Amino acid sequence: GALDDLISVEAPSQVAAEDLDNPANADLLVNSAINEFRCALVHFIGAGAYVGNEWSVGHNQGGGSYVWYDARTFEPQGWTAMYATGDCSGDVPNVYEPLSTARWLADDALQRLDSAWSDVDIPNRSELEAKAATFAGYSLTLLGEAMCGAAIDGGPALTPADLFSLADERFSRATAAAQSAGDDDILNVARVGRARALLNLGQPGNAATVASSVPAGFSYEFMYSSSDPATENKLYALMERELLATVEPMYRNMEFLGVPDPRVVAVDLGILAPATTIEIWSTTKYTSLESPVPVATWEEAQLIMAEAALDAGQLQDAVDIIN
C-alpha cells in the first residue's frame, strides 16, 4: 500500500472535467484559447506563404513535408495530411487542427460564461466574453480562408461562407461585450476581424463601415518566445533558423513605377539551403524567434476600405487610401 502511494502520479497533461466548471478558472480558460490561436496564427501565415507563392520551399528533403505545400499537392494520408491533422507544436505549418482547437476552446469558454457562471462569480465577465468571442471569430475566419470546408463540434461540413457568417456573429458579440467592458484594444481587434469576415462574405460596403471605426495607429500584436516550439515565431524559424523557405523571386527587389516598394522588403542572406543550390532570401519583418506578429491593425482596416472603394468603382479613393 505504501509503495502504491509512492509511485502513483497525476499526469500534468490531464485535467479533471469538474475543474473546467470552476469560475476561478475562467481567466485561464480564455487565455488558453488565446494562446492556442497565437500558435495557430503563425502556422496559418506560414502555410499561406507557401501555398500563395510568397515563399518557395528552401529544400527538397525531409519526406516532402514542405515540398508538397509549395507544390499544393495535398492528399489525405502521410506527410501531406499534416495540414489537417498536425498539431500546433509541429515544425510543419499545420492549419486545420490548431485553428479548430483554438475555436473550440474559445467557444467552450463562451458557453460556460453564458450558462455556468454569473457576474458575481466573475467580476470581469464582459472582458472575458469579449476576448473569447473575438478569437473564436478569428479562428472561424481563418478556417474559412484556408479550407474548402470545416466541421464545428462534430456537425456537418460547413462552407467558407458558413464559417464567415459564424465569425460575424462572434465578432458582433465581441464588439458589444468589449464596449460594455471598456476594453478598447479588444474592441478594435473585433472590428478589424469583423470587417475581414464581412469582406470575405462579399459585403464590402458593410466591411468598410466597420473598418472605418478603427482609430489611426491602432495595432494589436502577439508576442512570441523561444522557450518552446509552440511559442516560437514559426515564420522566423522556418525561414532563417531552418532555412526551409525563401522569398519568391517576384517579391525580391519589388518596385512600383521604378521606386522600391517599402512594404515588400527581402534581403539575400548570401547562403544556400542545405544540400541544394536554392538561394535563401528572407523577409525583414521578423528578426528572431521572439519577434511579434500583428493580429489586427489600422492599416489592415484601411486596406479593407480600399477594397470597398474599388468594388464601388471609386478607383481614386482606393489609390488614395493605399498611398
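Start at 1 with the first residue, then count along the sequence. For clarity, every value in this text was computed on a predicted model and none was experimentally measured.
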Atom of [X], atom of [Y] and distance for their closest heavy-atom approach:
X      : Y      : result
Ala130 : Ala174 : O-CB, 3.5 Å
Leu289 : Ser226 : CD1-CB, 3.8 Å
Phe218 : Asp185 : CZ-O, 3.5 Å
Ala208 : Met305 : O-CG, 3.9 Å
Leu243 : Ala273 : O-CB, 4.0 Å
Asp311 : Pro204 : OD2-CG, 3.3 Å

Common cluster, [X]/[Y], ILVMFWY with side-chain heavy-atom separation under 4.5 Å:
X      : Y      : answer
Ile280 : Leu272 : no
Ile122 : Ile34  : yes
Met82  : Leu41  : yes
Trp281 : Val264 : yes
Ile45  : Val192 : yes

What distance separates [X] [atom1] from [Y] [atom2], expressed to the nearest 0.5 Å?
X      : Y      : atom1 : atom2 : answer
Cys88  : Asn94  : SG    : CG    : 8.0 Å
Cys39  : Phe44  : SG    : CZ    : 14.0 Å
Glu36  : Asp87  : CD    : CG    : 8.5 Å
Leu244 : Ser56  : CG    : OG    : 13.0 Å
Arg170 : Ser139 : CZ    : OG    : 10.0 Å
Leu99  : Met147 : CG    : CE    : 7.5 Å

So do the side chains of [X] and [Y] get within less than 4.5 Å of each other, counting heavy atoms only?
X      : Y      : result
Leu158 : Leu166 : yes
Leu29  : Arg112 : yes
Trp55  : Leu238 : yes
Leu198 : Val210 : yes
His43  : Val95  : no
Tyr138 : Val189 : yes
Thr287 : Glu240 : no
Val293 : Val42  : yes

[X] and [Y] ion-paired at < 4.0 Å:
X      : Y      : result
Glu232 : Arg241 : yes
Glu127 : Lys131 : yes
Arg103 : Asp108 : no

Open item on the list: Would you call the rings of Phe135 and Phe37 parallel, tilted or perpendicular, taking 30° and 60° as the class edges?
Closed with: tilted
Open item on the list: Can you tell me how the ring of Tyr220 sits relative to the ring of Phe222, calling it parallel under 30°, perpendicular over 60° and tilted otherwise?
Closed with: perpendicular
Open item on the list: Taking the ring centre of each residue, are Tyr236 and Tyr224 less than 6.0 Å apart?
Closed with: no
TODO: In sequence, state the C-alpha distance, the side-chain angles, and the governing distance for Tyr96 and Thr85, and then conclude on side-chain contact (heavy atoms from CB on, under 4.5 Å).
DONE: CA-CA 7 Å; Tyr96 191 85; Thr85 60; over 6 Å; no
- [ ] Taking atom CZ of Arg263 as the centre, report whether more than 12 heavy atoms of other residues, nucleotides or ligands fall under 6.0 Å from it.
- [x] no
Task: N/O donor-acceptor pair under 3.5 Å between Asn25 side chain and Leu28 backbone - done: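 No.
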Task: Verdict with supporting geometry, Thr246 and Val57, side-chain contact (heavy atoms from CB on, under 4.5 Å) - done: CA-CA 6 Å; Thr246 183; Val57 69; over 6 Å; no
Open item on the list: Give me each pair satisfying side-chain hydrogen bond (donor to acceptor under 3.5 Å, both in side chains) with a member in residues 189-209, each pair once, sequence neighbours excluded.
Closed with: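 Found Glu145-Arg196, Glu145-Asn200, Asp168-Arg194, Ser172-Arg194, Asn188-Arg191, Gln203-Asn206.
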- [ ] Report the C-alpha distance between Glu221 and Val295 in whole Å, list the side-chain angles of each, state the deciding distance to 0.1 Å, and finish with yes or no for side-chain contact (heavy atoms from CB on, under 4.5 Å).
- [x] CA-CA 5 Å; Glu221 297 178 331; Val295 179; 6.0 Å; no
Open item on the list: Does Tyr50 form a side-chain contact (heavy atoms from CB on, under 4.5 Å) with Arg72? I'd like the steps, not just the answer.
Closed with: CA-CA 8 Å; Tyr50 282 123; Arg72 293 168 290 283; over 6 Å; no
TODO: Evaluate the side chain to side chain donor-acceptor pair (under 3.5 Å) criterion for residues Asp320 and Gln316: first the C-alpha distance (whole Å), next the side-chain angles of each, then the deciding distance (0.1 Å), finally the verdict.
DONE: CA-CA 6 Å; Asp320 290 343; Gln316 189 57 53; 2.8 Å; yes
TODO: Would you check, one step at a time, whether the test side chain to side chain donor-acceptor pair (under 3.5 Å) holds for Asp27 with Asn124?
DONE: CA-CA 9 Å; Asp27 285 88; Asn124 62 335; 3.2 Å; yes
- [ ] Tell me who clusters with Val259, hydrophobic residues only, linked when side chains sit under 4.5 Å apart either directly or through other members.
- [x]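 ILVMFWY cluster around Val259 holds nothing else.
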Open item on the list: Is a donor from one side chain sitting under 3.5 angstrom from an acceptor on the other, for Ser225 and Glu290?
Closed with: no
Task: Donor-acceptor side-chain pairing of Asp162 and Ser165 below 3.5 angstrom - done: no
